[in-house]
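None of these values were measured; they are calculated from a predicted model. Just the heavy atoms: all of them, side chains too, but no hydrogens, waters or symmetry mates, feed the values below. As the structure lists them, so they are numbered: ligands from 1, and atoms in each ligand from 1. For the single chain, residues carry numbers from 1 onward in sequence order.
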Amino acid sequence: MGKLSGHRALVTGAGGGIGRAVALRLAEMGAEVFALSKTAAHLDSLKVECPGINTVCVDLSNWTETREAVKKITPIHLLVNNAGCSILAPFLEATPESFDQLFNVNVKAVMNVSQVVAGDLVARKLKGAVVNVSSLAGQRALNNHTIYCSTKGALDMMTKVMALELGPKGIRVNAVAPTVVMTEMGRMAWSDPVKSAPMMSRTPLGRFAEEIDVVNAVLYLLSEESDMVNGHMLAVDGGYLAV
Ligand code: NAP
């Protein structure tokens, strides 16, 4: 019996990157895992890697379809709002289409999924924990990241208000704020050494984060070891935000 047996967990954006690593670790620990993502092929390969994981294929930018899909898998005791996307552009060239896409997935979908999951837990009088995957971009300005930084700043405040309102109902809500992780998203934004070198050199630990660093922080915030932690932003950044 794993430490999390008896717990049902939902991880969004679990087709790749950080979300996939979180989903696999939760399954290893005995949770019944629901991996939500938008690309069926990515979920199929996750299922091959870990047949015990349940998959949910839905585009989080579709409010109604997402709501219906998440309703079907309740109750969810542990929720990781990890899915996110990024489109980079100089401030003067940022488009309204990119604005809507990023805010829909990075912020509005977190409200949507969490409303369904937390509303159901409250109705059943069950406790739960939510972790939102934010970014140090929510707290520091990064070149060409106008919209992405803004979504993560909004997500940080949503995390606090969720913690305020859901805490009294037995649902803790926290966030992690990773530095660069070389996932598909990380490679898109940071593969150019001209951009990554100054970021790395400002990091006291002298490296970017690995997926496992983020997984460990998420697992802590989901676990009973963090029972008194609510509304917190746990930086997984090697000290970047401290400087
Ligand atoms: P990634 O490798 O690009 O993976 C993102 C995942 O989110 C993918 O599995 C993707 O789905 C899913 N996704 C995106 N849009 C979706 C939508 N509309 N509906 C459903 N699923 C959707 O990114 P990552 O680096 O692992 O990022 C995970 C989280 O960490 C994000 O919130 C990101 O902002 C945050 N973060 C990343 C970094 C970094 O440097 N990588 C740093 C700080 C914070 P499919 O695979 O199904 O297409």
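Taking a cutoff of 4.0 Å between a charged side-chain nitrogen and a carboxylate oxygen, Asp156 and Lys160 do not qualify as a salt bridge. In this structure, Lys127 does not pair ionically with Asp227, as no charged nitrogen and carboxylate oxygen lie closer than 4.0 Å. Ion pairing between a basic and an acidic side chain is recognised when a charged N comes within 4.0 Å of a carboxylate O; Arg20 and Glu49 show such pairing.
Minimum interatomic distance between Ile147 and Ser98 (heavy atoms only, all atoms of both residues): CD1-CB, 3.7 Å.
Residue Tyr148 has at least one N or O atom closer than 3.5 Å to an N or O atom of ligand 1. Not a single N or O atom of Cys85, backbone or side chain, sits closer than 3.5 Å to an N or O atom of ligand 1. Geometrically, ligand 1 and Pro178 share no nitrogen or oxygen pair separated by less than 3.5 Å. Considering backbone and side-chain N/O of Val105, none are found under 3.5 Å from N/O of ligand 1.
Taking a 4.0 Å cut-off on heavy atoms, Thr179 registers as neighbouring ligand 1. The closest approach between any non-hydrogen atom of Lys152 and ligand 1 is below 4.0 Å. Using a 4.0 Å cutoff on heavy atoms, Ser134 counts as a contact of ligand 1.
Remark: among candidates Ala83, Gly16, Ser37, Ser45, the nearest residue to atom 11 (O) of ligand 1 is Ser37, based on non-hydrogen atoms.
Each of the atoms 29 (C), 30 (O), 32 (O), 35 (C) of ligand 1 lies under 4.0 Å from some heavy atom of Val133. Listed by number with element, the atoms of ligand 1 under 4.0 Å from a non-hydrogen atom of Asp59 are 17 (C), 18 (N), 19 (N). Atoms of ligand 1 found under 4.0 Å from any heavy atom of Glu184 (numbered from 1 in listed order, with element): 2 (O). Using a 4.0 Å cut-off to heavy atoms of Gly186, the atoms of ligand 1 that qualify are 40 (O), 41 (N).
With hydrogens and angles left out, the side-chain atoms of Ser61 and Asp59 include a donor and acceptor closer than 3.5 Å. In this structure, a donor-acceptor pair under 3.5 Å is present between the side chains of Asn132 and Thr159.
Looking at Val58 against ligand 1, only its backbone comes within 4.0 Å, counting heavy atoms. Looking at His42 against ligand 1, only its side chain comes within 4.0 Å, counting heavy atoms.
Atom CD of Glu211 and atom CG of Asn216 lie 12.0 Å apart (nearest 0.5 Å).
The side-chain heavy atoms of Met29 and Leu219, taken from C-beta on, include a pair separated by under 4.5 Å.
The main-chain N or O of Gly15 is found under 3.5 Å from a side-chain atom of Ser37 such that the two form a donor-acceptor pair.
Cation-pi check for Arg8 over Phe34 is not met; the charged atom does not lie both under 6.0 angstrom from the ring centroid and within 45 degrees of its normal.
Enclosure of atom NZ in Lys47 by more than 12 non-hydrogen atoms of other residues, nucleotides or ligands within 6.0 angstrom is indicated. Heavy atoms from other residues, nucleotides or ligands lying under 6.0 Å from CE of Met157 number 12 at most.
None of Val56, Leu79, Val117, Ile76 except one satisfies the side-chain contact (heavy atoms from CB on, under 4.5 Å) rule with Val70; the exception is Val117.
Among all protein heavy atoms, the one lying closest to atom 40 (O) of ligand 1 is Val181 N, 2.8 Å. Shortest contact from atom 25 (O) of ligand 1 to any protein heavy atom: Thr183 OG1, 2.4 Å. The nearest protein atom to atom 32 (O) of ligand 1, hydrogens excluded, is given as Asn82 O, 2.7 Å; this is a heavy-atom distance. Residue, atom and distance of the protein heavy atom nearest to atom 6 (C) of ligand 1 are Gly13 O, 3.5 Å. Closest to atom 21 (N) of ligand 1 among all protein heavy atoms lies Lys38 N, 3.6 Å. Looking only at protein heavy atoms, the nearest one to atom 5 (C) of ligand 1 is Gly84 O, 3.9 Å. The protein heavy atom nearest to atom 19 (N) of ligand 1 is Leu60 N, 2.9 Å. Nearest to atom 48 (O) of ligand 1 among the protein's heavy atoms is Thr39 OG1, 2.6 Å.
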